[in-house]
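Below is one structure; the comments refer to it alone.
When reading the values below, keep in mind they use all heavy atoms of this one structure, side chains included, and skip hydrogens, waters and symmetry mates. In this text the structure is predicted, and so the values were computed from the model without any measurement.
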Amino acid sequence: MTDLRVRIAPSPTGTVHLGLCRTALFNWAYAKKRGGTFVLRIEDTDKTRSTGESEAAILKGLAWLGIDWDEGPGETGGPYGPYRQSERVDRHTAAAQGLLERGIAYRCFCSTERLTELREAQEKAKQNPRYDGHCRDLDPKDTAARAAAGEEYVLRFRVPEGSTEFEDLVRGKVKFEHAEIDDWVMVRRGGAPTYNFVVVCDDVAMKISHVFRGEEHLVNTPKQILLYKALGDDAPRFGHLPLMLGKDRKKLSKRSGDTALGDYVANGYPREAIVNFLCLQGWALDGETDVFSLDTFVENFDIADVQKAGAVFDIDKFRWLSGDTIRRMSVSGLADELVPFVEKAGLMTADEIHGRRGWFERLVAGEQERIELFSEFPARVSPFFEADDSVTYDPKAEKNSRKQEARLETLAAYAEWLAGRPEDEGAEALGAASKAWITDRGMKIPALFQPLRCALTGQPGGRDLFDCISLLGRAATLARIGAGIERLA
RNA sequence: GGCCCCAUCGUCUAGUCAGGCCUAGGACACCAGGUUUUCAUCCUGGCGACGGGGGUUCAAAUCCCCCUGGGGUCACCA
């Protein structure tokens, strides 16, 4: 009986990709639900592309999503460290040496040029490009001597005859003929090990029991299983998750839209919505419920329920989910989330918001059901921050106002009436009184409301008019109506 | 092209493993109504799919085969 141990092994070579987030989420939930251990290992074998910033971004991003790891790099640590592959090269080298001594790996001295020529020739002959085994049967004594003499070489894995079959936890039986598998490179010229080699070494060393990863890794699996065997270890259970697809139905990439977690955060998608949506990529709760919490996901997740076919990333549904999440937030909580967006837009500073918290929350409350992303908020409330005599009029708002023949007189009469009313009157009472004012004069609602809305906010639609008046205050309201009488003439 | 994977509304999916309860359910999008001072929310309704062909069976979206279509992968990247 082995312990349940899963891992996520991102390579720190750029932004935090949504695919990584989804894979991490599924692995994490699997471990969480079954009392297993979730390991985070940094796959920085590509020295030229790996960066510390990227690693930091990954750690931060996963934590932000609500994912925590039991073992990992840095302070987290754990009994199977280190958790950064670049710090494990000694073990990799030793493992490679062992395989070389046992003849499972062999030195290959073929130059890059020869390999390139070989591939080109094969392509020309319509053959499948693959290593021709040129150095496969060289005498080990000779190759050792050549290596000792300083000749450069790579280490290749000697793929045996036969076939490999395994039971994928998502897809079922998958079988590969070894004849289709190249004698792949385990250790590069210069001694740096490759991904396929280290990933297995480390998964063995860290006693990983289940490997859930994207479908693009499916074809690597037989190579890795062979390596597990060579290393004298049982292969873990594999589960290949369906790919996240772009609108073009191809693997989600920068071409098909934003792929970085940071892009969505910056665009103002709430954390819960991002997590929720990611869960929906290849998994469903019950076919009825689309909106659920991370806890619910953990309680219900099983690798066996994962979809086999790729999932197109539907940005429209994502936006809706975002809006739905926003609508379910508390006004206060939403206000907190909006602060950085308001600051960035230059509308108010955090201090100013703090000083007028009550007013700000009323401002937020009126937009809660009108925005789908946090980032939409500033532009929607910007009229409240404009000068009273130069509010930006939307063409449609202005056009609607000009349809009202008596707009100027109506506005003037309403302003006069409004000036005589108590300033602390609530929005609801003022609204009722205003409607009575209109009907008493034998007018229709739009005769006043359309020009009034235009004068106040310049927008064709939006929150309750009397909420606007309340937010603006009596003086600004009257000033804007005054300006409106001139500008709508 | 070889190999591997996949195939239910435009999209995400339930149903497929244990064939009948499916004249295929939900959600997004879209369309039409209703509510509302406008916009939005919300409510109601509509549109809309088992890729094709063979089998097996009393019965197939569900099992088998072929075809077609889509994707992934073919690095001294991960």
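Applying the side chain to side chain donor-acceptor pair (under 3.5 Å) rule to A:Arg41 yields the partners A:Asp203; only residues at least two apart in sequence or on another chain are considered.
A 3.5 Å limit on both hydrogen-bonding distances identifies B:U68 as the Watson-Crick or G-U partner of B:A7.
Side chain of A:Asp258 to backbone of A:Ala260: no donor-acceptor contact under 3.5 angstrom is found.
For A:Phe277 and A:Tyr269, the ring centers sit 6.0 Å or farther from each other.
Residue pairs that meet the side-chain hydrogen bond (donor to acceptor under 3.5 Å, both in side chains) test with at least one member in residues 322-334 of chain A, sequence neighbours left out, are A:Asp324-A:Arg328, A:Ser332-A:Arg357. Counting only residues at least two apart or on different chains, the ring-ring contact (aromatic ring centres under 6.0 Å, His included) pairs with a member in residues 446-465 of chain A are A:Phe449-A:Phe466.
Looking at A:Glu215 and A:Arg171, a side-chain N of the basic residue comes within less than 4.0 Å of a carboxylate O on the acidic one, giving a salt bridge.
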Short N/O separations, protein against nucleotides 14-18 of chain B, under 3.5 angstrom:
unit_1 : atom_1 : unit_2   : atom_2 : d
B:A14  : OP2    : A:Gln307 : OE1    : 2.7

What does the list of N/O pairs under 3.5 Å between the protein and nucleotides 66-73 of chain B look like, with a distance for each?
unit_1 : atom_1 : unit_2   : atom_2 : d
B:G71  : OP1    : A:Lys250 : NZ     : 2.7
B:G72  : OP1    : A:Lys251 : N      : 3.2
B:U73  : OP1    : A:Lys251 : NZ     : 2.6

Pairs under 3.5 Å (N/O, protein and nucleotides 28-33 of chain B):
unit_1 : atom_1 : unit_2   : atom_2 : d
B:C28  : O2'    : A:Lys317 : N      : 3.3

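Across all strands shown, A:Lys47 has no heavy atoms under 4.0 Å from either base or sugar-phosphate atoms. Residue A:Arg327 is classed as a sugar-phosphate contact, given heavy-atom separations below 4.0 Å to backbone atoms only.
Among A:Arg136, A:Arg156, A:Arg107, the one residue that satisfies the salt bridge (Lys or Arg N to Asp or Glu O under 4.0 Å) test with A:Asp183 is A:Arg136.
Comparing B:A14 with B:G51, their P atoms are spaced 15 Å from each other, to the whole Å.
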